[in-house]
Student: 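One structure, pasted below without further comment.
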Amino acid sequence: MMTHDGSREGVLGFVPVQNGVKAQTIPTAPIATAWLAAALLAATSLAAACGGLPDAPGESTTSGSEIATSSSLRVEHYQVEYAGHDGRLAHQIGERHALGWRARPGMPTSQYMTYGPYKADLSPGRYVVTFDFVMLNGAVASGDVLELNVFALHLNRTLAARRVQRFEFGDTGEAHPFTLVFDNPGGTPLEFRALWLGGVDVVHTRTRVRPIDEGQLGLLWNRRVGFGPEQIVAPGTVEPRGGVWHINSRIYGARPGSVPSATAQQLCGQEAIGVAYSTSTDHRVSESARPTVLYPSYDPNRPDGCAIVDGSTFFDSTDDRGWPASISEPWHMLNQCLPTNSGPGRGWKMCHYTASQPQGPWRFQPNHTVMPSSLWNPICAGPGKSCPGTPGAVFDEGTPDFLFKYRGYRYFSFHGYDGVRGYRGAARTKDFVTWETRGPKLPGDAMIASKDCAATVPGCIGGGASSMLKSGDYYYLLIETPTKNLACTAGQNWPFMLFRSTDIARSGKWEPFPGNPFIPDPYFAAQPANSFCGLQYAQWIQDTSADIYLQYQDTLARTTRLRALQKPAALRKYSGRQLYHLIGRGEGSAWSATVLDGPGVLAYGPYVRDLPQRDLTASFYLAVDNNAAGDNAIFTLDVFDATTGDILAARTIERSEMPAAEKASAFSLRFSTAGRGGHAIETRVIATGTTYLRLDKVEIF
């Protein structure tokens with residue numbers, strides 16, 4: 001059948017759907033009890049349901065049983081979810097499967113395995129849609145597997161599209177989330193479509209769509225905020241935990257009493273480099289002494305004979321699934337390391353150390369060394385890659401950056417070098433012995449290559465050291481983009497560029513910051529012939545309070561420049577303790593609950609009545625103790641008009657969406673108070689009872 005314009009899109013657009021769009025009831029977690037789904041999330045003011053609480057913030061010990069019941073909440077205007085076999089999604093090909101809707105070899109290719117549901121009630125704005133797929137069998141080793149797109153029916157226009165290649169899937173049968181960001185013009189039914197291109201046996205398990213959360217760094221990206229005053233501190237990388245900034249820095253020279261300096265120079269051909277440690281409790285305004293905690297071994301049989309440098313330190317007490325020492329030694333350090341001249345495999349590697357406390361003693365893990373090219377060889381292998389596939393062509397795995405933990409895997413990025421060009425890649429591991437370069441949230445290719453920076457930085461050879469921070473739905477990647485090589489060579493430009501993506505994307509798929517280079521190289525601008533690598537090692541720092549800082553080293557001045565990200569002035573700001581509660585207990589100024597509290601309303605209120613009538617944002621700052629235990633829903637956020645009973649915005653958060661364990665992360669809801677002058681506006685946090693959950697504060701701006 002052909003439409004008025006003969007397009008395939010039109011054909012799909014006119015295929016009838018048997019069932020209408022059904023609203024999602026939040027929370028989506030199946031563990032939510034009946035009273036929680038039917039009462040807590042009902043379009044009912046909790047103040048009214050609990051007998052008329054006052055409109056000022058305070059504490060409540062009202063039990064959940066006192067909440068009046070009502071019909072379940074319809075929030076299809078904000079967040080929806082469709083199972084891959086749901087009747088609201090139509091199909092040209094495929095068959096039902098226990099996990100969703102399946103397309104397998106032998107079926108017609110270039111056909112839509114899922115499309116629909118002609119959703120017309122999304123207001124104009126920017127959205128993110130996530131398609132979850134599981135690969136059952138990879139019959140082909142390379143090539144395109146899927147095309148995912150968002151189609152506006154009345155406009156007969158594709159709003160966003162992406163091709164998914166074979167190497168973007170792993171081989172483990174895990175669910176892979178693939179995202180698309182699109183701008184919805186409004187007033188037209190939308191289809192979320194998965195075109196199967198053949199060769200691979202896949203199951204579409206679900207489709208989710210909601211307004212995008214750009215996070216705190218989105219304010220910086222859109223030039224709504226900047227950075228505060230600059231602070232000059234000593235060089236060092238920072239890992240915040242429990243209000244303390246743990247700082248690791250370079251220390252030059254041999255361990256006292258180990259080997260004479262002349263012997264060290266002979267063994268290494270350079271001065272030895274180790275790790276010093278210090279702390280700060282005031283964001284580096286002051287800092288403790290810096291004792292050395294890791295020295296090179298000078299052992300020709302070890303990979304760290306001459307240098308332990310430029311690494312990532314992090315705390316992780318959650319399950320390791322294969323390496324029991326993690327629980328007793330929850331501090332990890334993955335560093336770039338260099339052996340002696342006669343040591344194993346001359347060249348940069350990555351070495352792993354563990355400790356029970358950040359000041360050490362640190363224990364070298366001899367079986368956890370990442371050897372040169374061991375990660376880059378599989379990353380670059382195969383057609384269509386952004387890095388050379390010849391074995392050994394890309395090497396020097398180094399400057400590791402711990403990204404996050406997901407489904408029991410630790411994810412890291414690291415640089416690579418082919419002698420001319422620099423690359424940035426990513427891999428994951430559960431035990432630091434076996435590493436995977438393909439799988440969920442991995443690009444299966446270089447993340448950054450020269451093509452990503454050459455148009456902005458003439459002569460750019462690719463990427464070097466980087467820092468990535470998850471803020472809202474985006475990963476914000478800040479990376480060195482030099483113009484000659486990854487060494488400090490005279491006459492080269494060494495700026496930083498900023499990129500973002502909702503995925504850990506492959507090269508060419510990152511959105512560049514409109515104002516790149518994000519941090520220009522002042523030395524190159526002042527004296528091009530005499531510049532080297534004046535600015536290095538930029539790092540995002542997210543404090544345990546979710547405040548964000550940026551620091552980068554001024555190598556020539558031998559200092560570090562540190563600045564705090566500014567925030568727009570909050571119209572209202574409430575600590576977790578200041579709001580009302582049906583479960584949980586105070587934890588300092590915060591409010592928390594555990595699995596023993598069961599599901600319930602962690603916080604609600606404050607029924608503020610004098611907000612301006614315009615578009616607003618509510619930011620909720622929450623933390624969990626474990627972000628790697630699965631993809632289950634752990635809490636729901638909403639903004640509620642208690643005067644009219646309208647849900648203004650809502651969102652359910654899964655555990656895997658938490659960027660880190662034991663650190664507060666900000667989740668934002670956009671809502672409008674236009675025409676709601678004098679209405680009592682309530683913010684709510686509803687826990688599913690499946691994890692420890694802490695609410696630090698709620699801000700409205």
Side-chain angles (χ1 to χ4, degrees), residues 1 3 8-30 32 37 41 71-103 107 111-123 125 127-134 146-161 175-182 184-196 202-212 631 633 636 647 650-652 654:
M1 180 178 72
T3 64
R8 171 177 293 165
E9 287 81 72
V11 173
L12 292 176
F14 286 99
V15 175
V17 177
Q18 298 299 318
N19 299 321
V21 178
K22 180 182 178 183
Q24 178 190 4
T25 300
I26 55 175
T28 57
L41 302 179
S71 60
S72 60
L73 167 68
R74 293 177 65 87
V75 292
E76 62 180 355
H77 65 283
Y78 192 84
Q79 175 172 305
V80 291
E81 180 172 335
Y82 309 100
H85 56 77
D86 197 297
R88 294 167 294 184
L89 295 178
H91 319 280
Q92 281 188 323
I93 62 161
E95 60 192 17
R96 285 184 178 271
H97 185 274
L99 297 176
W101 193 261
R102 178 186 187 184
M107 293 180 174
Q111 299 288 302
Y112 283 94
M113 58 186 297
T114 54
Y115 62 96
Y118 310 102
K119 186 166 182 57
D121 60 349
L122 294 181
S123 59
Y127 290 77
V128 58
V129 57
T130 303
F131 300 82
D132 288 338
F133 281 86
V134 172
L146 299 163
E147 180 189 282
L148 308 175
N149 63 64
V150 180
F151 186 75
L153 184 61
H154 290 168
L155 301 177
N156 195 33
R157 187 172 80 228
T158 299
L159 302 179
H176 291 244
F178 299 108
T179 61
L180 272 176
V181 176
F182 67 97
N184 177 36
T188 178
L190 299 179
E191 292 183 74
F192 311 112
R193 312 191 305 189
L195 181 71
W196 185 67
V202 293
V203 177
H204 184 184
T205 61
R206 62 176 176 172
T207 300
R208 296 164 285 163
V209 60
R210 57 178 173 76
I212 197 160
D631 295 334
T636 291
I647 294 290
R651 178 180 176 185
T652 296
E654 295 184 353

Student: Between Val202 and Arg102, does a side chain to side chain contact (heavy atoms under 4.5 Å, CB included) hold up when you go through it step by step?
Tutor: CA-CA 6 Å; Val202 293; Arg102 178 186 187 184; over 6 Å; no
Student: Angle between ring planes, His176 versus Phe178, binned at 30° and 60°: parallel, tilted or perpendicular?
Tutor: parallel
Student: So how far is it from Glu95 CD to Met107 CE, rounded to the nearest 0.5 Å?
Tutor: 3.5 Å
Student: Can you tell me how far the NE2 atom of His85 sits from the CH2 atom of Trp101, to the nearest 0.5 Å?
Tutor: 10.0 Å
Student: Output yes when Arg206 and Asp86 qualify as a salt bridge under the 4.0 Å nitrogen-oxygen rule, no when they do not.
Tutor: no
Student: Rounded to the nearest 0.5 Å, how far apart are OG1 of Thr207 and CZ of Arg88?
Tutor: 10.0 Å
Student: Which heavy atom of Leu122 sits nearest to which heavy atom of Asn184, and what is that distance?
Tutor: O-ND2, 3.0 Å
Student: In the structure I gave you, are the side-chain heavy atoms of Phe182 and Val129 within less than 4.5 Å of one another anywhere?
Tutor: yes
Student: Within the structure provided, determine whether His154 and Pro189 are in side-chain contact (heavy-atom separation under 4.5 Å).
Tutor: yes
Student: Might you work through the salt bridge (charged side-chain N to carboxylate O under 4.0 Å, His left out) test for Arg208 and Glu81, ending with a clear yes or no?
Tutor: CA-CA 4 Å; Arg208 296 164 285 163; Glu81 180 172 335; 5.5 Å; no
Student: Find out whether the Lys NZ or Arg CZ of Arg210 is both under 6.0 angstrom from the six-membered ring centre of Tyr127 and within 45° of the ring's axis.
Tutor: no
Student: For Phe151 and Arg193, what are the C-alpha separation, side-chain angles and deciding distance, and is it a side chain to side chain contact (heavy atoms under 4.5 Å, CB included)?
Tutor: CA-CA 8 Å; Phe151 186 75; Arg193 312 191 305 189; 3.6 Å; yes
Student: To check you understand the geometry: which heavy-atom pair defines the closest contact between Ala160 and Val181, and what is its length?
Tutor: CB-O, 3.5 Å
Student: Given side chain to side chain contact (heavy atoms under 4.5 Å, CB included), test Phe192 with Phe131 step by step and report yes or no.
Tutor: CA-CA 9 Å; Phe192 311 112; Phe131 300 82; 4.0 Å; yes
Student: Strictly by modelled atom types, are Thr652 and Thr636 linked by a side-chain donor-acceptor pair under 3.5 Å?
Tutor: yes
Student: Looking at CG of Leu99 and OG1 of Thr205, how far apart are the two atoms once the value is rounded to the nearest 0.5 Å?
Tutor: 7.5 Å
Student: His91 and Thr114: side-chain donor and acceptor closer than 3.5 Å?
Tutor: no
Student: What are the two closest heavy atoms between Thr130 and Pro177, and how far apart are they?
Tutor: CG2-CB, 3.8 Å
Student: Among residues at least two apart in sequence or on other chains, which ones pass side chain to side chain contact (heavy atoms under 4.5 Å, CB included) with Ala161?
Tutor: Asn149, Thr158
Student: Give me the atom names and distance for the closest heavy-atom approach of Pro185 to Arg157.
Tutor: CG-NH2, 4.3 Å
Student: Hey, does Leu153 have a side-chain heavy atom less than 4.5 Å from the side chain of Tyr118?
Tutor: yes
Student: Working note: Leu195 + Leu146, criterion side chain to side chain contact (heavy atoms under 4.5 Å, CB included); need CA distance, chi angles, decisive distance, verdict.
Tutor: CA-CA 6 Å; Leu195 181 71; Leu146 299 163; over 6 Å; no
Student: Taking side chain to side chain contact (heavy atoms under 4.5 Å, CB included) as the definition, give me every residue that meets it alongside Ala152, ordered by chain and number, with sequence neighbours left out.
Tutor: Leu155, Leu159, Thr188, Leu190
Student: Distance check, rounded to the nearest 0.5 Å: Trp196 atom CH2 versus Gln92 atom CD?
Tutor: 13.0 Å
Student: Are any non-hydrogen side-chain atoms of Glu191 and Val150 less than 4.5 angstrom apart?
Tutor: no
